[in-house]
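Lettering follows sequence order; numbering is per chain, from 1. What you see is a predicted model, and the numbers here were worked out from it, not measured in a lab.
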There are 2 protein chains.
Amino acid sequence: MSNDVVNFNAGPATLPRPALERARAELLDFDHTGISVLEHSHRGKEYEALHDHTIALLRKLMGISDDYHVLFMQGGATAQFAFLPMNVLRPGESADYVVTGNWAKKAVSEGKHYGNLRVAATTEDGGSFKRIPKPEELKLEASARYVHITTNNTIMGTQWHWLPDTSGVPLVADMSSDILSTPIDVSKFDLVYAGAQKNIGPSGVTIVIAKKAFLEGANTNMAKVFQYAEVAKANSLLNTIPTFGIYLIRNVLEHLDQRGGVPAIEKHNREKAALLYDAIDEDPAYFTCPVAKEDRSLMNPVFRLPNEELEAAMVSEAKDAGFIGIKGHRSVGGLRVSMYNAMTREGVARFVEWMKQFATAHPA
Amino acid sequence: MSNDVVNFNAGPATLPRPALERARAELLDFDHTGISVLEHSHRGKEYEALHDHTIALLRKLMGISDDYHVLFMQGGATAQFAFLPMNVLRPGESADYVVTGNWAKKAVSEGKHYGNLRVAATTEDGGSFKRIPKPEELKLEASARYVHITTNNTIMGTQWHWLPDTSGVPLVADMSSDILSTPIDVSKFDLVYAGAQKNIGPSGVTIVIAKKAFLEGANTNMAKVFQYAEVAKANSLLNTIPTFGIYLIRNVLEHLDQRGGVPAIEKHNREKAALLYDAIDEDPAYFTCPVAKEDRSLMNPVFRLPNEELEAAMVSEAKDAGFIGIKGHRSVGGLRVSMYNAMTREGVARFVEWMKQFATAHPA
């Protein structure tokens with residue numbers, strides 16, 4: 001993040017300044033090889049060392065055991081919506097999806113070409129989603145191949161703060177917008193996927209963490225590059241990988257590790273979210289958070305002002321004041337202040353101060 | 001390319017030095033926005049301008065008419081091996097593949113999950129491919145949905161220097177390793193695809209140039225992110241795109257444009273290839289080019305030395321002398337000197353001088 005602009009983009013998003021500065025410093029000469037990391041062969045020993053080190057860092061930071069593969073794939077979470085059922089749903093099987101936002105809906109609509117996907121619960125209400133379901137609302141099938149959840153709903157501003165009891169059915173999660181933001185017990189999941197462009201690095205790389213046992217008996221009648229097991233067998237080097245993306249992920253993960261890892265970043269993330277939510281709650285006549293309090297996202301707080309004219313004015317004046325990316329998603333309107341790991345507390349504090357001044361200057 | 005190391009990697013490969021220097025100069029501040037291009041939203045106007053400009057540059061450099069879509073996709077040529085038949089082969093239809101190397105073979109083996117792919121010709125001979133077929137060897141079906149060729153065979157060191165007469169059947173080409181290296185008449189093709197990591201930019205972006213009429217009636221029973229028509233409808237922004245990859249492609253294409261475009265780079269490429277092939281042909285007792293002379297690649301010249309011990313010594317001593325990436329692909333052995341657009345004539349000239357000295361110092 002620049003010292004002048006505070007970037008609240010929802011993703012691609014702010015990256016840790018030291019990770020970018022390091023990239024700049026060594027852009028023309030990677031690891032004293034005389035050439036850019038962008039020019040290294042993905043089959044060379046220099047890239048291979050970087051690749052394996054990046055996977056080891058992710059394993060360390062998330063506590064991923066050897067029972068799991070850690071894969072780099074392409075196509076974003078959107079391609080995973082298809083790859084997941086394509087790989088693991090066998091004829092006659094079905095999977096349960098808990099629908100808590102636009103991305104969860106897309107996981108169903110894109111994935112249904114590849115198998116029988118059931119909506120086990122939805123919190124859609126008048127075109128919007130304002131909460132995570134209650135445990136008793138989940139209509140899970142004991143015979144389901146897996147249960148799919150979206151742990152953080154970037155557009156809606158909600159987040160799962162508990163895990164559903166699936167009675168032994170494998171749990172799969174799209175963690176694109178909250179991976180690495182808070183400690184999770186990976187052993188509770190059979191598969192986790194996440195686009196890198198929020199908490200991990202740049203766009204163009206997808207992380208997949210897959211329990212080896214979950215992939216047993218997976219389908220093979222498809223191109224190898226779509227098969228988790230084949231990608232795993234090749235250590236994610238089945239074909240040419242986005243090498244610069246992996247390089248930048250390495251920079252981000254090393255920085256996270258130096259900051260104290262996921263427990264330290266969680267504390268930081270909770271402090272940032274509290275700054276914003278407290279400001280909202282202190283002035284309920286002016287600021288409204290439309291989502292259930294217990295389901296509020298630590299990553300993407302959303303809020304409304306008394307009317308849409310004020311919201312438009314806030315977006316515009318915020319930009320002039322150096323705060324960019326606060327416009328809510330076009331499908332829901334309002335304001336959204338994304339604060340992934342790389343967002344500084346100082347950036348949020350400055351914005352909160354500014355937004356209070358805005359409220360004073362623009363009474364409803 | 002560094003001033004000291006000459007990088008003959010086959011891809012990811014040498015990038016134009018000015019494109020990398022520009023990336024370094026503006027890595028922390030894109031277009032005076034105060035944030036990195038890596039931190040910009042793919043939905044923001046700054047990225048959108050970059051995106052559209054990059055497509056316009058490619059259209060200009062390749063002479064691509066409005067009858068064609070220009071798409072950015074993910075997954076490399078390897079994913080295209082599947083996407084192509086998945087999109088355009090309808091039940092009962094077949095496609096003809098001309099197999100001239102390992103990548104063409106993979107196009108068939110990966111694609112055959114999605115339709116009836118016929119091998120219309122192959123030049124495989126004892127596990128290797130040393131030539132492009134003669135026109136009379138092509139057993140093309142008049143009813144085929146398309147004919148697929150691989151215009152340059154990176155591993156084998158061969159290249160098509162003519163186009164097959166398909167009698168009106170749409171021609172599709174994997175141009176991963178020679179796109180933009182020589183002028184082509186795009187109107188002769190119905191679809192062209194290419195991984196970016198050789199002549200276009202970094203790994204992680206695939207270019208697809210598709211005739212609009214060719215996609216009419218394409219299959220839709222698949223995830224949208226795999227559908228050419230859906231990606232086109234969204235101007236390649238169906239989901240989060242590898243924004244930094246597109247940015248670097250912009251830098252490479254602007255540099256190419258400033259150098260005089262594709263006609264100028266072709267002249268340069270022919271001069272470089274002549275330097276190397278002339279040195280080989282001048283000393284036939286020591287250097288052997290295993291491929292048919294009329295099919296020699298301008299991008300990836302391959303050659304053999306009198307024995308494998310000398311080849312291993314050349315790879316090792318070349319590295320010490322600052323020439324990296326000259327080892328032939330593991331499947332064929334020997335030497336390979338990849339010289340994409342960004343390789344300088346001076347780099348090739350220095351290598352040719354050095355390789356003659358090697359021959360003198362290491363008589364067979």
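Partners of B:K106 by salt bridge (charged side-chain N to carboxylate O under 4.0 Å, His left out), not counting sequence neighbours: none found.
Heavy-atom neighbours of chain A within the stretch residues 78-91 of chain B, taken at a separation under 4.5 angstrom, comprise B:T78, B:A79, B:A82, B:F83, B:M86. Residues of residues 234-251 of chain B that come within less than 4.5 angstrom of chain A, heavy atom to heavy atom, are B:N239, B:T240, B:I241, B:P242, B:T243, B:F244, B:L248 in numerical order. Residues of residues 43-50 of chain A having a heavy atom under 4.5 Å from any heavy atom of chain B, listed by number: A:R43, A:K45, A:E46.
A donor-acceptor pair is defined here as one N or O able to donate and one able to accept, closer than 3.5 Å; such a pair exists between the side chain of B:K198 and the backbone of B:A10. No donor-acceptor pair under 3.5 Å is formed between the side chain of A:H148 and the backbone N or O of A:Y97. The backbone N or O of B:N152 sits nowhere less than 3.5 Å from a side-chain atom of B:T150 that would complete a donor-acceptor pair. A donor-acceptor pair under 3.5 Å links the side-chain atoms of A:E39 to the main chain of A:S36, judged by distance alone. Here the side chain of A:Y228 pairs no donor or acceptor atom with the backbone of A:A218 at under 3.5 angstrom. Between the side chain of A:N300 and the main chain of A:S338, no donor-acceptor pair closer than 3.5 Å is present. At distances below 3.5 Å, not a single donor-acceptor pair connects side-chain atoms of A:R22 with backbone N or O atoms of A:V252.
For the residue pair A:Q227 and A:N219, the shortest heavy atom distance occurs at OE1-O, 4.0 Å. A pairwise comparison of heavy atoms in A:L38 and B:L15 identifies CB-CD1, 3.7 Å as the closest pair.
Side-chain atoms of B:N9 and A:S41 include no donor-acceptor pair closer than 3.5 Å. The closest side-chain donor-acceptor pair between A:S203 and B:H42, if any, does not fall under 3.5 angstrom. A donor and an acceptor atom, one from each side chain of A:S176 and A:D174, are located under 3.5 Å apart.
Ranked by heavy-atom pairs under 4.5 Å with chain A, the first of B:R330, B:Q74, B:Q197 is B:Q74. Among B:A13, B:A23, B:G11, the residue with the largest count of heavy-atom pairs under 4.5 Å with chain A is B:A13.
When heavy atoms are compared at a cutoff of 4.5 Å, B:S109 does not approach chain A at all. Both the backbone and the side chain of B:N221 come within contact range of chain A, with heavy atoms under 4.5 Å apart. There is no contact between B:K327 and chain A, counting heavy-atom distances below 4.5 Å.
Ring to ring, A:Y340 and A:F8 are not that close: their centroids are 6.0 angstrom or more apart.
Taking OG1 from B:T54 and CD1 from B:I200, the interatomic distance works out to 12.0 Å, rounded to the nearest 0.5 Å.
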